Amino acid sequence: MELHQLRYFVAVAETGNFTRASERANVSQPSLSQQILNLEKEVGHKLFHRLGRKAVLTEAGTAFLERARRILFEVEN
């Protein structure tokens, strides 16, 4: 698990959209999507329901969001 993956995950969770999250993170959308897929493989759960252009957190994603925010907060402080 890498910090940029956590940042991308939080961006998608907060925007609800992979394209907006990629713009926010200044990375291409395909790259961001691939990193989210890699993160999902590593944690062993789908983190988002992909509904057309919308990305909605799964139950596992909701639980993971709290952890990701805590990790990023600790790293930044």
Side-chain angles (χ1 to χ4, degrees):
M1 186 177 313
E2 298 182 29
L3 289 176
H4 69 274
Q5 291 173 320
L6 296 179
R7 288 186 184 101
Y8 297 168
F9 168 73
V10 171
V12 175
E14 290 178 351
T15 63
N17 181 281
F18 280 80
T19 301
R20 284 192 301 256
S22 68
E23 291 167 356
R24 179 174 164 181
N26 294 314
V27 64
S28 71
Q29 187 273 325
S31 178
L32 181 135
S33 294
Q34 186 60 52
Q35 290 301 316
I36 296 295
L37 288 172
N38 292 344
L39 181 61
E40 288 176 327
K41 286 178 189 172
E42 188 169 341
V43 299
H45 294 282
K46 291 286 252 178
L47 300 173
F48 294 101
H49 295 292
R50 290 149 174 91
L51 309 169
R53 294 184 181 264
K54 291 175 65 175
V56 179
L57 287 168
T58 62
E59 188 175 324
T62 300
F64 189 72
L65 179 59
E66 190 175 316
R67 181 177 176 204
R69 284 180 171 153
R70 188 172 53 247
I71 291 167
L72 291 172
F73 177 80
E74 291 295 326
V75 167
E76 291 169 6
N77 292 306

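Because the structure is predicted, anything quoted here is derived from the model rather than measured.
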Return a table of donor-acceptor pairs under 3.5 angstrom between the side chains of residues 44-55 and protein atoms on other chains or two or more places apart.
| from | atom 1 | to | atom 2 | distance (Å) |
| --- | --- | --- | --- | --- |
| Arg50 | NH1 | Glu40 | OE2 | 3.2 |
| Arg50 | NH1 | Phe48 | O | 3.2 |
| Arg50 | NH2 | Glu40 | OE1 | 3.1 |
| Arg50 | NH2 | Glu40 | OE2 | 3.4 |

Honestly curious: do [X] and [Y] fall in one hydrophobic cluster under the side-chain, below-4.5 Å linking rule?
{"X": "Val75", "Y": "Leu6", "result": "yes"}
{"X": "Leu37", "Y": "Leu3", "result": "no"}
{"X": "Val12", "Y": "Val56", "result": "no"}

Run the side-chain donor-acceptor check on residues 26-35: report pairs under 3.5 Å with partners two or more places apart or on a different chain.
| from | atom 1 | to | atom 2 | distance (Å) |
| --- | --- | --- | --- | --- |
| Ser28 | OG | Ser31 | N | 3.3 |
| Gln29 | NE2 | Ser33 | OG | 2.6 |
| Ser33 | OG | Gln29 | O | 3.1 |
| Gln34 | NE2 | Asn38 | OD1 | 3.1 |
| Gln35 | OE1 | His4 | NE2 | 3.2 |
| Gln35 | OE1 | Gln5 | NE2 | 3.1 |

ask   = Residues two or more places apart in sequence or in another chain: which of them pass ring-ring contact (aromatic ring centres under 6.0 Å, His included) with Phe64?
value = Phe9
inquiry  = I need the minimum non-hydrogen distance between Tyr8 and Ile36, along with the two atoms involved.
reply    =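 The answer is C-CD1, 3.9 Å.
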ask   = Please, which pairs that meet side-chain hydrogen bond (donor to acceptor under 3.5 Å, both in side chains) have at least one residue in residues 55-68, sequence neighbours excluded?
value =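 For residues 55-68: none.
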query = Glu76: what forms a side-chain contact (heavy atoms from CB on, under 4.5 Å) with it, not counting sequence neighbours?
reply = Arg7, Leu72
ask   = Can you tell me how far CG of Leu39 sits from CD of Glu42, rounded to the nearest 0.5 angstrom?
value =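 Glu42 CD to Leu39 CG: 6.5 Å, rounded to 0.5 Å.
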message = If I take atom CG from residue Asn17 and atom OG1 from residue Thr15, how far apart are they, to the nearest 0.5 angstrom?
response =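 Going from the CG atom of Asn17 to the OG1 atom of Thr15 covers 5.5 Å.
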query = Can you list the residues that meet the salt bridge (charged side-chain N to carboxylate O under 4.0 Å, His left out) rule with Arg24, with sequence neighbours excluded?
reply = Glu14
